[in-house]
Structure formats: structure tokens, C-alpha cells
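Reminder, nothing fancy here: chain letters follow the sequence lines and each chain counts from 1.
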Amino acid sequence: MKCVLMVAEKPSLAASLANILSNGKAITRKGFNGACSIHEWNGVFRDINVKFKFTSVCGHVSGLDFVGKYNSWNLCDPVDLFSCGVEKKEATPKLKMPQFLASEARGCDFLVLWLDCDKEGENICFEVMDAVSNSIRNVRSSQVTYRAKFSAITEKDIKHAFNNLQYPNENEAKSVDARQELDLRVGCAFTRFQTKFFQGRYGDLDSSLISFGPCQTPTLGFCVARHDEIQQFKPESFWYVQVTIDPEQKLEWQRVRIFEKEIAMIFFNIVKDQKEAIVESVTSKENFRSRPLALNTVELMRSASSGLGIGPHVAMQIAEKLYTQGYISYPRTETTTYPTNFDLRGVLKMFESSNEYGEDAKNIQNNFCQPRKGEDCGDHPPITPSKLASRNDFDNDTWRLYDFIVRYYMGTLSKDLKYRSTVTRFLIDGEVFTNTSNVLIDAGFTKVMTWQAFGKNELTTPFSKGDRVPIKDVKLIESQTGPPSYLTEADLISLMEKHGIGTDASIPVHINNITQRNYVTVEAGRRLKPTTLGIVLVHGYQKIDPELVLPTMRSAVEKQLNLIAQGSADFRAVLRHAIDIFRLKFQYFVTNISNMDSLFEVSFSSLAESGKSHSRCGKCRRYMKYIQQKPARLHCSHCDETYSLPVGGIARVYRELKCPLDDFELLAWSNGNKGRSFPFCPYCYNNPPFNDMTRGSGCNSCTHPTCQHSLSSLGVAQCIECDKGILVLDCTSSPKNWKLGCNSCDCIINCFEDALKVSVDEEACNDCGAQLLQVLYKQTNTPFSDGDDKKTGCIFCSNEFMPLIEKHKAVENRRLNSTRGRSSRGRGKGGRSHRGRPKPPKDKMAQLAAYFV
DNA sequence: GCAAGGTC
């Protein structure tokens, strides 16, 4: 029997599409990658009986990256990133997606692609075809591979798509390839250049990465634009006449306010001596506030931020969790209209038994309103609740978001809010004042969406035309115009949506980025206030090349890319043109960076003047400065060199010891009292002296043959927790604390408390191959039963050491293993070199010689 | 250590 492989963009969609197409008959099994399932059934495809297999990918199968050395920050000039090679790589290696697809496709004759119907989906179609090209013959043929085009996940739509299969659109897919390549080259080139440039000059930037991106930078731009408005705002004084009538009620002046005091005074003088206001007219009309459209992602994020105080990133994480647990429908959609056959009442029914919502759900069913017609974007149905939950099922924020989604859903099926608005016009010697009073007629959807409840302001006594109302008080009030506030997250989301910056799925990522990178902070009310770094960056772009931060930049690029999608321009030509433009922009940016730098200069302190005097430079013997702000560095202002330091923790001067290779003073890095620690040479850490030592290593990885701090001198045994590392004696906090620490993982073994001295012996243990240790105690407090103050033994095998070694599960295991090993196989696991002292590098003298040259 | 876009 012929076999048809069908592929959707995500596991959940594969399940629901298979269910529709098989009329519920599909049998499901889990795929070997643990993430995707395969749904199988027999049916008819193009008039023949076939077996169907429906599975999915998880988003993109592949992603783009630079080739080889261009991934390294130190091995190439950022400008090379505009011309160097790029290659496709597996997007998520642990999912083994190409392998999974290839194996499921084996033996299949046809491929039907059910990826989301947007350009990204079209691009993934071709990624899937690539992945199965060795499994399905002629996969590029339009007689083998088909594309289903659907706009809603409804039986009608899906079956229609199945009966009208097409071929995937290569032009649309290509336009995505172009976008990927352009974003990669431009983003990484600018990011690397400006990060290295500014980190090499300033010590208090408080940022480990100064990134640029075609979406994140305009996003930051919005926040800084508002900041600039606030800064440039000049308050203006204005005056208004405030009349209070009896019974007490303030009236609104029809002129609202006046910016010249003298003129305001004239009106005030007219009104102030009057005793009565005459009712000129009373008009009344019914107004309404519409119930909401069905909920989509952007609105969910906006409301979560402004109403619940939950940021978009976290909101989406919670929504994702609610979705995978079945409480709500798929939370990423732009659509704001329910599918035609959606069981609106069924969902309400589900809530009838709920303590929280039961009463509302019944009321709404009795007064059921058809939802408003929104937009169908052809992606997924709006976000709706799909399972009843109660308060105890979740933590507080999860409950609040779930509650919001339930109430919003009920709101969309409720009546509009209705109120009566009555405007009373008063005349006071020719001046017009009004009072507007609103009276609620029907709370409508705000009965469930209580946060939108109607603020009442009823007039205590209604008036009729011709009434003469006593005036209680007349005042001339002086006030000032105020600046706008910082942008709220909700405002920012709206701006991004309006300018097409990011997508519903990536908007929270960009906002999160600019906060994580320390360009903006989230203030009370989730308002986004730019930091000095954020402001200086945006102002710098504006000085050098304003287009870099303009929100229109993204859409201009998208426009070009759309030419590819429409087939009216050649992929290569458009891409080359766009890359050329950005390369020129980049080069212009680099040559004019001093314009941005002059702004940095004002706000940040140069490396030379930041940090504290710390340890000596091996080249000039002068003290270098220790800059503790992220990323921690040592800076020698005399040599104008900067040395990076291990991430986190603290690097203190290590007993004024020096590296025998370069004369730099050694430092002891430690990550808290009980954490890892090791000595290192700041020069070797950045410029490893031996081939078998990687950048970012301490002395505990150094193969120097004679230095007393090196791995060669202090290595004891292979690590008991990881495969790669070696346990090295760590003397940096001796004699208070002695410990063995792995030079690769976090494994630490504390030992020999209060010993005067611990050192690594020349000999190795006969039983397990570990290097022996010599331990010396004060005569007065030796722990050994025979009264000796000095012993040599094995940390794993010597009985008299056992009580002096921290109880460590892995140590116990190793002891057991080595005992067992002895009885069954003679001696340990067989004296491999890594067990004892690690082999010194083969040609160490040659390496040393090379280093000194 | 880098972008933006999918999704887990």
C-alpha cells in the first residue's frame, strides 16, 4: 500500500489536523525524539487506498550561522561578516529533527505539507523537503509533494484544503532565507563591533553585550523617543474658572482653559459676582461601550501588562503552560474572530459548575449575544478557555491570567455596556458651563470583565431647562501642563504592532531583550524608562545614521523581501543589494563611531579611571585596575591592555605569587565561600601558553612542568563526577580550607581541615592510581590515632584519611568501585593514564619555546 | 558573547 507523509508546524496541530482528516480514527504513537507524535490511519488519497502518517516539526528545522572561524569574536573583523560564508545548521540539535523526519519518511511515496500558511511556514516546507529528500523519491516533484493551504482549523476548511492541494511556494520560502541571512550578518556585525569598541574603553557600562538588531533597536528607539519628549517638555501655565453650584457639584468650563492670565481674569470677573446659573438646556442620549473582540496574542500581552502587571514575556510563558496543560487554546494567534462552527455555548456550559464563574456563565447563556466579527488572519482561532480550573489549581499569576482569559471570553459573548449620558448646559452671564452625568443602564460585559467597570458620576438632582441654580463658589485656578509619562509596555506593544516590528511571537522577546541588556528598566505601572546606556546608544545612532534606529527601517527591508516572495525580483540580487547597503552603513558607522563615543564619554568613565588598583602587570610591573562591573576585567593603563576575568565570583590577589611564564601576578578566583576556586594568571587566562590549554583556563589546567601551581604539580586524580576533568589540589584558601576541585566541572571535595600543609606526592596510589597526598598537622592537634603529625596516603584508599575527607557520595562510590575492582580484576580499572597524574604534554619544551618566541 | 524567526 502506498504511504502519504503529512507534516504540520507543531505537534498540537498535527494532532488536531489528523483527528479531523481521519474522522477521529487515527492511532497515535510517540516519535523517537520525544517531542513529536505520529498519527496513522488508512484512507483514500487521489483515488487510491493509502496509509496516512501525520506528524510535525517544532518550528524551523534549520537555522543560519556563519561558517567556521567567523563564529569567533576574536578570529575575524566584524566587517567580514558581510561577505563570509554562511551555512544552515540544525535549529535544535537535541530534537534530531532531520533524522526524525528522514526515518518517518522512509517508505513513503507522497509528502503533504501542512505548515502554517505564512512565509515562515512556506520556508519550513522546504526545510522538511530537504530533510526527507533521501527517503522519498523525487520529493521536489509536484506529483510527489503537495501543499495544503488552510485558513482555519475547522473541519470544513481542512477538508477543503485536503481536496485542493497545491505546490509550496519557493519564492516565499526564499524571501525568508534572505531575511535570515540579512538579519544575521547585520545584527552580528554591529553587535560585535560596538560591544568590543565600548567595552575596550569604559569600565562602568554595566552590560556584557551591547547589541544591535533590526527589531530590538527600533523597539528601544520608541522608549528613548518618549524619554526625549519628556526631557524637552516645557511646562506652561494656564488658568480656568471653576464654578461650584449648590447642591455641591463642579461644572466644566466650555473654554476649558486659557493660557493668558489677564484674559482668564476678565472671564473670572464676569462670573465671580453672579449668584445664579441658568440651565440653558438638558440633553440626554444613550451611549454604549462595545464588548471586546475575541482575544488574540497581542491583546493578551497588552492586557496582562496594563491590567495584571505581568510583563509580556512572562505572560506568554504562563499562557504556554496553560495551553500545554489543556486549560486554554493555542495562545499564539492574530485572529480576533471565532471560527464559524466554534461551539461558543459549549465553552460557557463548561463553566456552569464553577464556583467562580457558574452564575455568570448561566446568565450569559440566557442572554446570549453573538460575538462581534473580528479579523480572520488564517492562523489559529482566538485564545479561549478549554478546561475548567479553580483557584487552587495554579499559583497566583497563573490563576490571574487564566481568570482573565475566562472573563474575557465570557465578555465577548455578553451585551455591550449601555449608559445614559446627560449634558446640562448652564449660562452664567453669557459664559457656558456644563455638567455631564452618566448613568449606567446595563453593565453588559463589564459584569464579568469587572476591571472595566463603569465609573458612575450621577448628578444628585437632575435639572430642567430654565432652572435657576444657586452658585456656591467661583475660583480662578492656576495649573500647569505636565509632561507625558514614560511609555507603558502596553503602549510599546501597540507601537511595535503598528510599525510591523517583530511578530506576535517575537514582540515579547524583543522587549525582554532591551530590559535584559540593561537599555531600559521596568518602572511602576510597567512603564519603560531608558537607562543611560539605552539613551546614549539611540542618540548615538541618531548622530551617525538615524536610519539605524528608525521604525520604518524594518518595513522598508520587508518591502524589498516581499519582491522576492512575489516572484518579481531575484533572490540573489535583492539580498546582495541589501547586504551592500548595510555594509556601507556599517563602514560609515565604524568611521564615525567617535560621534557616539563623545556621548559615552560624558556618561561613563574610561577604563583608566575606573576600578581599583589590583595586581601587577607582567610587562610594565605597574599595578593594573580591577573593574568589577560586568564583564569583570583587568586593565593596565600603562600598556593600554585589557584582560578578561572569569565570569561571576571574585578575583583576589594570590599571595603576590607570580606566573613563571610572564611575570604577571597570580590571582585566586573564587565563587563564594563554599564554591569553586582556582588560581590563575590573567595573561595566560587570555593567551593560553600551551596548545592543550584553552582560553579561559586557570593554573589548574596549565601543563607547565615545574610551576608549583600547575596541573602537573597539583593534579591528583580523574574527576569523580565528570568525564573530562581532573581533581586538582586547591591551596588558594589554605591553610584554613584545603580542597580538591575539578578543573572542568563544579565538583569539590573539602578535606584535611586545620592541616598546616597539604601537598601532592611524587608517588601514586598502588590501589587506585590517584596521586598520594602528604598532610602535615600541628603536633598538638593531629587527628591521627598514632599521634603522628605527618602522613602520606591516598585520599580515596587510606583508612586514616577517611574521617578527614568530606562525606561525598561520589567519593564513597569511587571507594566501593576501587575495592570491587581489586577483588575482581586485580587493580582498579586498569591504570589508564588519566587516573593518576595526568600526562604532561608530549612536547612541552617545544611549546614553551614557541611561547617565548 | 552576536539577529530574528519558528516552537518545546
Side-chain angles (χ1 to χ4, degrees), chain A residues 8-14 31 33-37 56-66 70-76 78 80-82 84 86 90-97 115-128 173 175-196 199 207-219 297 316-317 319-321 323-325 330-332 379-380 496 500-510 512-514 516-517 553-554 557-558 561 582 586 630-631 644 647 695-696:
Chain A
E9 191 156 320
K10 47 199 154 272
S12 63
L13 208 52
N33 67 4
C36 305
S37 293
S56 75
V57 290
C58 294
H60 276 288
V61 178
S62 58
L64 203 64
D65 228 329
F66 300 115
Y70 297 98
N71 286 306
S72 157
W73 285 52
N74 298 312
L75 297 180
C76 71
D80 297 342
L81 300 180
F82 288 96
C84 72
V86 289
E90 250 186 272
T92 322
K94 78 166 194 260
L95 285 180
K96 295 193 174 21
M97 204 48 86
L115 290 122
D116 291 0
C117 294
D118 51 25
K119 284 189 282 182
E120 296 294 333
E122 223 57 32
N123 186 270
I124 302 175
C125 282
F126 285 84
E127 295 180 346
V128 172
S175 81
V176 171
D177 284 340
R179 200 253 318 136
Q180 287 179 341
E181 192 174 325
L182 192 63
D183 286 349
L184 177 72
R185 292 186 190 280
V186 175
C188 297
F190 275 89
T191 298
R192 286 188 198 175
F193 167 70
Q194 59 186 29
T195 300
K196 286 206 281 196
Q199 270 181 2
S207 170
S208 49
L209 198 67
I210 303 173
S211 55
F212 172 90
C215 288
Q216 57 173 267
T217 302
T219 302
T297 307
M316 289 312 291
Q317 284 175 339
E320 197 73 50
K321 196 173 69 188
Y323 163 66
T324 50
Q325 294 174 3
Y330 188 67
R332 281 197 287 263
D379 44 4
H380 296 272
M496 293 174 75
I501 308 282
T503 65
D504 51 352
S506 69
I507 281 174
V509 178
H510 299 312
N512 200 45
N513 270 344
I514 62 170
Q516 292 295 312
R517 304 268 158 84
M553 196 69 191
R554 186 66 178 171
V557 170
E558 299 258 353
L561 297 175
F582 276 99
F586 177 77
K630 258 194 333 197
S644 39
V647 178
R695 212 178 120 90

For A/Lys96, enumerate each residue passing the side chain to side chain donor-acceptor pair (under 3.5 Å) test, keeping only those at least two apart in sequence or located in another chain. none
Rounded to the nearest 0.5 angstrom, the CD-CG distance for A/Gln199 and A/Leu209 is 7.5 Å
Return whichever of A/Tyr70 or A/Arg332 has its heavy-atom-nearest nucleotide of DNA chain B closer to the 5' end. A/Tyr70
Look at A/Arg332 together with A/Glu320 and state whether they make a salt bridge at an N to O cut-off of under 4.0 Å. yes
Considering all heavy atoms, the nearest A/Pro331-A/Met316 contact: O-CE, 3.7 Å
Side chain to side chain contact (heavy atoms under 4.5 Å, CB included) involving A/Lys196 - partner list, sequence neighbours excluded: A/Trp73
Between A/Tyr330 and A/Gly187, name the one whose nearest nucleotide on DNA chain B is closer to the 5' end. A/Gly187
For A/Pro214, which contact category applies under a 4.0 Å heavy-atom criterion: base, sugar-phosphate, or nothing? sugar-phosphate
Would you call the rings of A/Phe82 and A/Phe586 parallel, tilted or perpendicular, taking 30° and 60° as the class edges? tilted
At under 4.0 Å between heavy atoms, what does A/Glu127 touch on the DNA or RNA strands: base, sugar-phosphate, or nothing? nothing
With sugar-phosphate meaning primed atoms plus P, OP1 and OP2, does A/Asn123 contact a base, only sugar-phosphate, or nothing at under 4.0 Å between heavy atoms? nothing
Under 4.0 Å, heavy atoms only, any strand: does A/Phe212 hit a base, just the sugar-phosphate, or nothing? sugar-phosphate
Just to be sure I understand the rule, does A/Gly121 reach a base, reach only the sugar-phosphate, or reach nothing, if contact means heavy atoms closer than 4.0 Å? nothing
Sugar-phosphate only, base, or nothing, as touched by A/Glu9 at under 4.0 Å among non-hydrogen atoms: sugar-phosphate
Does A/Ser208 reach a base, just sugar-phosphate, or nothing at all? Heavy atoms under 4.0 Å. base
How would you give the extent of chain A contacts on DNA chain B, as first and last nucleotide 5' to 3' within a 4.0 Å heavy-atom cut-off? B/dG1 to B/dC8
Would you classify A/Leu64 as touching base, sugar-phosphate or nothing, given that sugar-phosphate means primed atoms plus P, OP1 and OP2, and contacts are heavy atoms under 4.0 Å? base
Which is true for A/Arg185 with a 4.0 Å heavy-atom rule: it touches a base, it touches only sugar-phosphate, or it touches nothing? nothing
Reported CD1-to-NE2 distance for the pair A/Ile124 and A/His60, which is rounded to 0.5 angstrom: 4.5 Å
Name the nucleic acid region contacted by A/Thr503, choosing base, sugar-phosphate or nothing; use a 4.0 angstrom heavy-atom cut-off, strictly under. sugar-phosphate
